[in-house]
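Below is one structure, written out as structure tokens; comments come after it.
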Amino acid sequence: MKLVDLRSDTVTKPTTAMRRAMAEAEVGDDVYGEDPTVNRLQERAAELFGKEAALFVPSGTMGNQICVKLHTRPGTEIILEERSHIFNYEMGAAAAFSGVTCRPVRGEDGLLNWNLIAPAIHHSAPYYVTPTSLVALENSHNMAGGAVLPLSVINDICQHAHALGLPTHLDGARIFNAALALNTTVAEIARPFDSVMFCLSKGLGAPVGSMIVGTKDFIKEAVSVRKMLGGGMRQVGVLATAGMLALEESPKLLAEDHANAKRLATGLAELPGVKIDPERVQTNIAIFDIAATGISTAQMAAELKTRGVLANGINAREMRMVTHYDVSREEIKQTIKITKEILGR
Ligand code: TLP
């Protein structure tokens, strides 16, 4: 039985075209800067994002943490949203590696704006107050159900932060999903940020890899920090070539993922005890509350699994389902039917 895997968009398998390209990739030692495929990918990413330079890194976590390290100094504080990835799911790396604390701010439905951020900033506070060194946003916001920060809000936050001399970083793991939902380009979203991390290995389907983009100077320093973290890779053109296909070919497939997430949310919203507002499902993530069904999220995940659907609970009340190119419209229908069956027992 083929499993319908909705645990994440990280579970996609490389396409046949990616596998072919990987077998034939032109490679060199990237620690010497001599892998032509990696160099092409980096140039193309910089161009697409409207930034001076880009760097291929093994994971989104490493990409975010390189940026945190470069923007901050030990003993300072990053402002971010309460449910953000950097704060919750990177093993405390900001503290362990960069010596910074995180000041989480609760967004409205996960979305920050300058009015929420401003009171949390320590700018000209007394000397003994932990100074703010970075504002980090996430777009789309994973644990806010893939919610998207509008351009006007991003621009406003970055403008205010810059006016205080604070750099801004974007965790754009799913920035292509955000761009589609906002009907804009990734360059337009990236424009006001000093650095952006985005993932090739999520909805874009590459087997491995993320990128950071920024100024030439920033990326030059990022190369050293990546090496410090053990992320200097050698004939990595075999991966970069899959990344290149992900970058060029996959964004056009995301509309179907968004439509599937909306279909899923619409179907789930009709089930007894399930709480989700399909209107708020803007990208490829559906987070729904099942507390009122009397079934725990662990039990729901287990029941789904026995029927061939994989999905994770993200806490005691909520399940997350993520659509991607390995899940069809038919399988979404099937998932709704199976969830209904479980609740109807
Ligand atoms: N997200 C994963 C899990 O870690 C939660 C997922 O399944 O969604 N930023 C954001 C917004 C992310 O969602 C993720 C991964 C990362 C960064 C980290 O990327 P990786 O897994 O490549 O280190």
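All values derive from a computational prediction rather than experimental measurement. Counting starts at 1 for both ligands and their atoms, following the listed order. Reckoned from all heavy atoms, side chains included, excluding hydrogens, waters and symmetry mates.
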### Task
Any pair with a residue in residues 301-334 that passes ring pair (Phe, Tyr, Trp, His ring centres under 6.0 Å), sequence neighbours left out, goes on the list, sorted by first then second residue, please.
none
### Task
Could you please provide the protein residues found below 4.0 Å of ligand 1 on a heavy-atom basis, arranged by chain and number?
Ser8, Ser59, Gly60, Thr61, Asn64, His85, Glu90, Glu138, Asn142, Asp171, Ala173, Arg174, Met197, Lys202, Arg320
### Message
Please tell me whether Leu134 and Phe198 are part of a single hydrophobic cluster in this structure, the criterion being side-chain heavy atoms less than 4.5 Å apart.
### Response
no
### Query
Is the closest basic N to carboxylate O distance between Asp5 and Lys13 below 4.0 Å?
no
#### Entry: Set of side chain to side chain contact (heavy atoms under 4.5 Å, CB included) partners for Glu331, sequence neighbours left out
Lys2, Val4, Val327, Ser328, Gln334
### Summary
Residue set satisfying side chain to side chain donor-acceptor pair (under 3.5 Å) with Thr12, at least two apart, ordered chain then number -> none
### Message
Between the side chains of Arg106 and Glu81, is the shortest nitrogen-to-carboxylate-oxygen separation below 4.0 Å, so that they form an ion pair?
### Response
no
